[in-house]
Amino acid sequence: KESFADSPYYNLWFALPDLLFVVLLWNVLYAEMKEAIPAAMNGLDGIKDYLKLWNVIDWITIAFGFTTVSFWMVFVLKVSGELPQELADLPSVALDLAVFTNRSY
């Protein structure tokens with residue numbers, strides 16, 4: 001038995017929290033865009049009024065949220081796609097024998 005599943009979503013229910021996170025992130029983005037676009041239409045003064053502390057925090061949250069989602073998607077694609085083939089190519093019998101022989105487990 002391996003230490004982790006090679007597919008994080010081998011059960012589709014495991015994707016539900018991630019999907020909920022993305023939906024909530026899009027909701028925050030939508031709400032901020034509803035505020036930011038009218039503010040931008042008022043020119044520089046509107047943008048200055050819009051860029052208060054909590055709006056800046058919201059945009060930082062959106063940026064970090066989408067960055068996290070991007071990194072997670074790359075990880076899932078690598079682990080689900082490339083990793084099983086890379087592990088299959090390893091000489092596991094020889095490596096297991098070496099580990100058991102020198103007791104480095």
Side-chain angles (χ1 to χ4, degrees):
K1 195 89 176 159
E2 298 299 324
S3 61
F4 68 95
D6 64 348
S7 176
Y9 300 125
Y10 66 90
N11 183 343
L12 288 180
W13 285 105
F14 294 155
L16 191 61
D18 295 334
L19 183 62
L20 181 63
F21 178 78
V22 171
V23 167
L24 291 173
L25 194 58
W26 277 105
N27 187 31
V28 173
L29 177 65
Y30 177 73
E32 286 303 313
M33 291 301 288
K34 278 177 47 177
E35 288 182 46
I37 291 173
M41 293 174 88
N42 288 328
L44 192 56
D45 289 335
I47 294 173
K48 284 181 186 177
D49 289 338
Y50 170 76
L51 289 177
K52 300 296 183 206
L53 175 66
W54 292 111
N55 288 328
V56 171
I57 290 173
D58 286 341
W59 282 107
I60 291 171
T61 301
I62 292 167
F64 278 109
F66 280 115
T67 301
T68 303
V69 169
S70 300
F71 281 131
W72 177 246
M73 287 173 56
V74 167
F75 173 78
V76 168
L77 291 174
K78 295 279 187 184
V79 167
S80 300
E82 297 174 13
L83 185 63
Q85 183 59 42
E86 294 293 328
L87 291 176
D89 292 342
L90 288 175
S92 13
V93 174
L95 291 173
D96 287 346
L97 182 62
V99 167
F100 288 129
T101 303
N102 66 14
R103 296 180 181 216
S104 60
Y105 45 87

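The residues of the chain are indexed from 1 along the displayed sequence. Values in this document were obtained by computation on a predicted structure and should not be read as measured data.
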One should read off an interatomic distance between Trp72 CH2 and Leu77 CG, to the nearest 0.5 angstrom, of 11.0 Å

Side-chain contact, heavy-atom cut-off 4.5 Å: Trp59 with Ile62?
yes

Could you pull out the closest heavy-atom pair between Val79 and Pro8, with the gap in Å?
CG1-CD, 4.5 Å

Of Val22, Leu24, Asp18, the one forming a side-chain contact (heavy atoms from CB on, under 4.5 Å) with Leu20 is Leu24

Please check if atom CZ in Phe66 has more than 12 non-hydrogen atoms from other residues, nucleotides or ligands closer than 6.0 Å.
yes

Transitive ILVMFWY side-chain link Val69 to Leu16, under 4.5 Å:
no

I need the Leu19 CG to Leu12 CG distance, nearest 0.5 Å.
11.0 Å

Rounded to the nearest 0.5 Å, what separates atom CZ in Phe64 from atom CG in Leu25?
12.5 Å

Inter-residue atom distance Glu35.CD - Asn55.CG, 0.5 Å rounding:
5.0 Å

Any link between Phe75 and Tyr10 through a network of hydrophobic side chains (Ile, Leu, Val, Met, Phe, Trp, Tyr) touching at under 4.5 Å?
yes

Between atom CG of Asn42 and atom OH of Tyr50, what is the distance when rounded to the nearest 0.5 Å?
13.5 Å

Criterion side-chain contact (heavy atoms from CB on, under 4.5 Å) on Leu29 and Trp26, from CA distance to verdict:
CA-CA 5 Å; Leu29 177 65; Trp26 277 105; 3.4 Å; yes

Met33 reachable from Leu51 in the ILVMFWY side-chain graph, under 4.5 Å edges
yes

Distance (rounded to the nearest 0.5 Å) between Glu32 CD and Asn27 CG
10.5 Å

Do Val56 and Ile60 make a side-chain contact, defined as non-hydrogen atoms from C-beta onward lying under 4.5 Å apart?
yes

